[in-house]
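Every chain is numbered from 1 and lettered A, B, ... according to where its sequence line falls, protein lines coming before strand lines. Being a predicted model, the structure only gives us computed values, none of them experimental. Below, all heavy atoms of this structure are taken into account, side chains as well, without hydrogens, waters or symmetry copies.
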Amino acid sequence: METLTIKKEKATAKEDTAKQVSGSVAVLEAFLAEGVEVIFGYPGGAIMPIYDALYDYNEKLKHILVRHEQGAIHAAQGFARASGKTGVVFATSGPGATNLVTGLADAMIDSTPVVCITGQVFAHLLGTDAFQETDVINITTPVTKWNYQVTDATEIPEVLAKAFYIAGSGRPGPVLIDITKNAQLQLFGYAGYKKCEYIRSYRPKPNVRKEYVEQAAKLINEAERPFVIFGQGVILGKAEDEFKAFIEKAGLPAAWTIMGMSAIPTDHPLAVGMLGMHGNYGPNVLTNECDVLIAVGMRFDDRVTGRLDKYAKQAKVIHLDIDPSEIDKNVKSTVPVWGDCKETLPMLTELVQKKEHKAWLQRFYEYQEKENLKVIQDELNPKGEVMTMGEVIKALNELTKGEAIVVTDVGQHQMVACRYAQFQRSKSNVTSGGLGTMGFALPAAIGAAFGDSSRTTVAIIGDGGFQMTLQELGTIMQFKPDVKIIILNNQFLGMVRQWQQLFHEKRYSFVDITSPDFVQVAKGFGIPGKSISKREDLVASLSGLLNSKGSYLLEIMVGKENNVFPMVPQGRGVAEIILSKDEL
Amino acid sequence: MQKQEFTITVYTENHIGLLNRIAIIFSRRKINIESMNTSPSEVPGIHRFTIVINETEEVVKKLVRQVEKQVEVLKAYYNNNEEIIWQELALYKVPTEIIAEEVKVERLLRQHGAKAVVIRKDYTVFEVAGQREETDKLIKVLEPYGLIEFVRSARVAIIKASRGFHEKLKEFEALKPGSGLVKNEYLNKQEEVFSM
Ligand SMILES: Cc1ncc(C[n+]2csc(CCOP(=O)(O)OP(=O)(O)O)c2C)c(N)n1
């Protein structure tokens with residue numbers, strides 16, 4: 001019986017017959033057994049035995065030496081998001097481990113499967129304020145799905161098996177394993193690695209209760225204005241096909257959260273756009289007009305719902321989620337369908353009637369037309385001299401045909417990219433959704449490029465966010481992942497500036513940011529680049545970027561004080577979305 | 001919904017770090033834990049947390065789901081005071097000479113069901129097991145007589161309707177992947193959907 005109590009005797013009993021290996025070797029063997037190909041890491045004193053063992057595994061395990069541990073975990077996240085596999089990280093104790101915290105928080109809130117191994121001081125030094133000792137377990141408890149400190153090498157195979165199982169199953173998330181140096185060095189009788197498939201206290205996915213599926217189907221069949229909103233659960237559940245079959249059969253208009261984006265092609269006839277603060281007009285307004293709201297693998301984040309007491313009050317809510325703690329957390333559901341949507345969606349599809357909701361769908365198109373006239377048109381085909389972020393994304397779409405992985409940082413460029421980027425394939429939109437971590441994009445793009453090298457990886461980053469993790473250009477220089485970097489430079493911390501303009505009487509308080517010559521900086525790292533500010537250079541420069549051999553940096557100067565609209569101002573309901581600042 | 005006292009009972013694996021993991025679920029939401037007790041349970045190797053908070057049922061329900069979501073937590077229940085039998089243990093240290101001199105004091109102690117645990121020349125320690133009001137009352141009574149020390153334990157509680165965890169655990173162990181489980185306890189009772 002598998003419990004979380006790690007049994008030390010198990011391995012030691014076999015010491016005579018089994019071969020002797022070090023804890024460090026056991027870690028690497030676990031990686032091989034789990035199919036790990038790439039490790040993102042940074043060495044240091046407390047993890048040296050593992051790095052020493054890694055020296056002999058050079059052929060089998062690729063290690064990418066990042067330039068900061070935050071870069072390692074964001075890269076692992078990008079890897080996971082683009083590949084659908086678990087990302088892995090090595091970091092040393094103390095500062096190495098604390099540098100992971102932002103990425104852990106990001107992976108936690110965006111449900112990204114990551115396994116981090118941190119070195120720790122010798123077990124006998126724990127609690128003595130030893131050199132580079134930090135209480136990593138307690139620091140990371142709120143931002144990990146599970147964490148565990150190993151002080152004895154015999155625990156390693158079982159603990160790592162659990163780590164991978166927990167990180168990747170159910171609602172995925174980050175796991176951190178802290179291994180003391182003595183355990184890394186300790187030789188023990190290694191009895192091989194057994195994957196974990198069961199832990200008695202952990203139920204990653206519940207069995208589906210059929211009557212709830214039936215009730216949900218009944219509501220959908222009776223609905224006149226049904227509306228589907230979906231999140232990353234569809235992608236994490238690898239249920240893109242099941243999802244498409246479901247909405248297509250019942251003729252359901254579907255809108256995505258920022259995390260759900262790319263689960264279905266953006267040009268799908270039933271795709272009605274993005275939800276949320278800077279999402280599309282129709283899906284936001286019509287959330288408050290639908291009669292049945294079907295939420296699939298999404299968690300009603302406040303950036304999606306706006307004011308809760310003005311959110312979908314008229315609708316019956318069906319909530320499909322794998323995590324029971326999400327049900328009724330923010331929005332009360334009429335029918336909760338707790339389960340893995342890979343299983344629940346086909347059950348629903350079978351029971352829903354084949355339908356089209358033409359008139360209802362038409363409502364979305366009407367709102368889209370309004371949004372077109374008041375926002376999109378000017379953003380994508382601006383008449384002014386300076387370029388807009390939107391026209392860059394439009395030109396990019398035409399070149400990538402929606403086949404690229406688009407990694408975005410945080411700010412206006414992120415919202416514009418997610419509003420306008422087109423996607424044909426799932427796992428293509430990599431962004432920091434829940435935490436909004438500036439500095440995410442460059443390392444995440446490195447990870448994404450390793451995660452799926454068959455696709456082009458484009459990183460779209462603001463001038464502010466780029467300066468948060470630009471040291472990772474060094475990682476690109478050394479390990480040559482193919483990353484096409486676009487800096488959308490508005491010479492401001494744009495999103496904060498927008499809020500200061502709209503809500504703080506244009507009192508621009510420390511949003512004016514000076515940047516280095518980005519092209520020169522890239523050049524210093526051996527990465528070719530170019531900066532443009534004229535529209536006539538845009539298409540040629542973008543194709544130059546995409547066709548370059550290897551990584552490339554393109555800086556595009558855009559309007560300094562452009563704003564992202566539509567917008568659901570904080571504290572307002574989704575139906576109170578505005579299309580311009582005049583409506584404030 | 002009104003705030004009231006709820007007792008949360010959590011069955012867990014015995015694992016270092018779990019106390020913190022559970023405690024921060026409450027502190028993160030700025031919810032005060034009135035009392036928290038950890039002890040073995042009726043099942044060997046399985047720990048039992050008893051947590052008391054003052055909150056609305058809606059909040060408690062959400063908290064319990066967050067607790068149950070933790071990997072090492074097997075099951076969490078919540079109950080109001082009517083649904084449990086509960087006790088706290090209080091210890092009182094009083095100067096022995098007072099008790100010897102004042103007959104009244106001895107009578108008072110007896111009235112409150114206090115039992116002497118230790119009697120020394122200089123002081124005597126009494127214990128009272130009971131509910132908050134009872135143990136509180138005795139403080140008031142003893143204060144004029146030079147109460148030297150007072151301490152009260154966390155609440156321990158038995159759920160009236162519970163049939164214990166042995167059976168439940170078997171369910172958990174039967175829940176190996178693939179073995180199609182017929183029952184989904186969360187969804188069994190229509191109106192109590194997800195109330196655990
Ligand atoms: C680590 C971190 N610090 C601060 C913020 C707050 N913040 C959100 S957007 C933004 C401005 C981003 O500016 P820039 O990178 O230039 O992108 P732009 O909005 O101009 O496109 C800031 C400071 C954040 N999200 N993350």
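At a 4.5 Å heavy-atom cutoff, the contact between B/Leu169 and chain A is made by side-chain atoms alone. Within the 4.5 angstrom heavy-atom criterion, no atom of B/Ile16 approaches chain A. Of the atoms belonging to A/Asn147, heavy atoms from both backbone and side chain fall under 4.5 Å from chain B.
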Checklist entry - Hey, mind stepping through B/Arg21 and A/Thr144 against side-chain hydrogen bond (donor to acceptor under 3.5 Å, both in side chains) and telling me if it holds? => result CA-CA 10 Å; B/Arg21 213 170 245 286; A/Thr144 50; 2.8 Å; yes
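There is no side-chain donor-acceptor pair under 3.5 Å between A/Thr112 and A/Asp110. With hydrogens and angles left out, the side-chain atoms of B/Lys69 and A/Ser325 include a donor and acceptor closer than 3.5 Å.
With contacts defined as side-chain heavy-atom distances shorter than 4.5 Å, the pair A/Leu104/A/Leu176 qualifies.
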